[in-house]
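Because only heavy atoms are used, hydrogens play no part in the values below, and waters and symmetry mates are left out as well, while side chains stay in.
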Amino acid sequence: MDGSTIYALGTPTPSRAQPGALAVIRLSGPRAPDALSILTGKPVPAARRLALRAIRDPSTAEEIDRGLVVCFEAPNSETGEMMAELHLHGGRAVVSAVLAAIGRLGFCRLAEPGEFTRRAFENGKLDLTAAEGIADLVAAETDQQRRLALQQMEGALHRLYEAWRSQGLRALAHLEAAIDFPDEDLPEGIDARVRGEIASLADEIAGHLEDRRGERLREGLSIAIIGPPNAGKSSLLNLLARREAAIVSATAGTTRDVIEVHLDLGGYPVVLADTAGLRCAGDEIEQEGVRRARARAASADLRVLVVAADAQGNWQRTARDLATGTEGWNAARDIVVLNKIDLLGGQEMPVAGAWRYRRCPAVACPNCWRGWSNRPLW
């Protein structure tokens, strides 16, 4: 740390469209109380006590705003340093004027991104796992992301890693005792017991590193919508997104590239991708679109295969051929959507024995652009 006093806007930057009712400006460092006293022209209020003050430009004494100020003494603050906060009105002009006034004091500098959290870490107020949890909590867009980030910020990962560290230290102590005191009356089988403990610990750590649930929750579950041209893939995307994210046309092959939509489904972040229709493409552009579609399907966490119904039952062969030809297809998890079942003309919906045997989850809907039915296929 360089011992300087830093300041930054702690709330979203106001804009013309979203000015904000309130704004909070934070200062941290040895001269934070001095800055507060100069800006208000009055002594600093008692620690942790809010006080109403007029905020003035130190160079002209012009009143900029009137708001609440508070001071926190070291080490009992978020960063472990002397801190001060100004709670102001959230207009762009107010925020800009106060930030400029602080900058003209001469002994404060604008904080770097994440510097308040870095100072808290350097002063022992939090560890690296908690710092990462704070970053995830700020970036959280869904309830599940928020819950996971809050657990990490409150020490869930820290406690897990400390438990592993304690296990390793205990095993090390047992081995050192066996080496340093071979003539002592120590329990037999220490080597074997320690070997088993270390193997168990290694397996637990390896399983933790291979578990991608946290990564999926942080970055979003990847779902690829695949299928033949004109099956209703883009209509399904628009239906789930509740907006016209992709162009829908009766002309086959409208979608040439991967179209992504970020959704919040039940608190879980989802990246839903519409892809080009899978077929023997003619021109070079469509060939590239099909290649990208297959690559996206292979890397997705979940694949949704959309096929259009027909009275002759050709959809069964189409679905089977596309599923077996898709890299990464998992019949126990991936989903088949039978679209346009109104084209069956009142006939009883056919069921493919091969699909029943594969136990593939499937649903059917009259037409994706008209609405969702969630009718089980079998």
Side-chain angles (χ1 to χ4, degrees), residues 132-133 135-153 156 210-228 231-248 254-278 289-308 319 322-323 326-339 359-377:
E132 187 180 61
D136 289 344
L137 186 61
V138 172
E141 297 180 349
T142 71
D143 282 343
Q144 294 299 331
Q145 286 178 322
R146 173 186 57 78
R147 292 189 181 100
L148 181 66
L150 190 61
Q151 290 174 5
Q152 183 168 334
M153 189 181 72
E210 292 174 0
D211 190 348
R212 292 188 57 209
R213 288 179 296 178
E215 179 185 346
R216 288 192 181 103
L217 191 56
R218 182 180 292 109
E219 299 179 358
L221 183 72
S222 174
I223 300 179
I225 302 177
I226 60 175
K233 301 184 298 299
S234 298
S235 297
L236 178 60
L237 178 82
N238 292 343
L239 180 67
L240 294 174
R242 299 180 185 275
R243 61 184 177 90
E244 293 186 2
I247 297 175
V248 176
T254 303
T255 303
R256 297 294 185 95
D257 206 347
V258 178
I259 300 175
E260 289 186 351
V261 173
H262 293 258
L263 303 177
D264 177 355
L265 296 182
Y268 291 91
V270 169
V271 181
L272 190 63
D274 181 23
T275 62
L278 300 178
V290 172
R291 187 196 66 79
R292 295 188 181 189
R294 294 191 181 279
R296 188 55 177 263
S299 63
D301 299 309
L302 180 70
R303 283 149 290 274
V304 177
L305 173 58
V306 181
V307 292
L322 289 178
T326 298
E327 182 181 352
W329 180 266
N330 186 332
R333 184 182 62 213
D334 293 332
I335 299 172
V336 174
V337 174
L338 180 59
N339 190 27
R359 299 182 181 275
C360 181
V363 293
C365 53
N367 210 316
C368 282
W369 68 269
R370 295 179 183 174
W372 182 258
S373 169
N374 197 30
R375 176 183 173 185
L377 194 54

Review point. Hey, mind stepping through V304 and L236 against side chain to side chain contact (heavy atoms under 4.5 Å, CB included) and telling me if it holds?
Key: CA-CA 10 Å; V304 177; L236 178 60; 4.1 Å; yes
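- Contact detail for A293 and A276: the closest heavy-atom pair is CB-O, 3.7 Å.
- Using a 4.5 Å heavy-atom threshold, the side chains of Q152 and E132 count as touching.
- The CE atom of M153 sits 5.0 Å away from atom CG of L150, with the distance rounded to the nearest 0.5 Å.
- Judged purely by atom type and a 3.5 angstrom limit, Q145 uses its side chain to pair as donor or acceptor with the backbone of T142.
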Show me, pair by pair, the donor-acceptor contacts under 3.5 angstrom made by side chains of residues 258-274, not counting sequence neighbours?
residue	atom	partner	partner atom	Å
E260	OE2	R296	NH1	2.9
E260	OE2	R296	NH2	2.7
D264	OD1	G267	N	2.9
D274	OD2	S234	OG	2.5

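- Within the 3.5 Å criterion, the main-chain N or O of P228 finds a donor-acceptor partner in the side chain of K233.
- Under the rule for a salt bridge (charged side-chain N to carboxylate O under 4.0 Å, His left out), the partners of R292 that lie at least two apart in sequence or sit in another chain are D257, E288.
- The backbone N or O of L302 sits nowhere less than 3.5 Å from a side-chain atom of D334 that would complete a donor-acceptor pair.
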Check your understanding: Should L338 and V307 be marked as a side chain to side chain contact (heavy atoms under 4.5 Å, CB included) after you check the CA-CA gap, both sets of side-chain angles, and the distance that decides it?
Key -> CA-CA 5 Å; L338 180 59; V307 292; 4.0 Å; yes
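- For the pair R303 (side chain) and A300 (backbone), a donor-acceptor distance under 3.5 Å is present.
- Interatomic distance, CD1 of I226 versus CG of L305, reported as 5.0 Å (0.5 Å rounding).
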Exercise for review: Step by step, work out the side chain to side chain contact (heavy atoms under 4.5 Å, CB included) result for N238 and R243.
Suggested key: CA-CA 5 Å; N238 292 343; R243 61 184 177 90; over 6 Å; no
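- Considering all non-hydrogen atoms of both residues, I225 and T275 come closest at O-OG1, 2.6 Å.
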Review point. Where do R146 and E141 land on the side chain to side chain contact (heavy atoms under 4.5 Å, CB included) test, with the steps shown first?
Key: CA-CA 7 Å; R146 173 186 57 78; E141 297 180 349; over 6 Å; no
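- A231 and A308 make their closest contact through CB-N, 4.1 Å (heavy atoms, listed as atom of the first residue, atom of the second, distance).
- Of all non-hydrogen atoms in T326 and A297, the two that sit nearest each other are CG2-CB, 3.9 Å.
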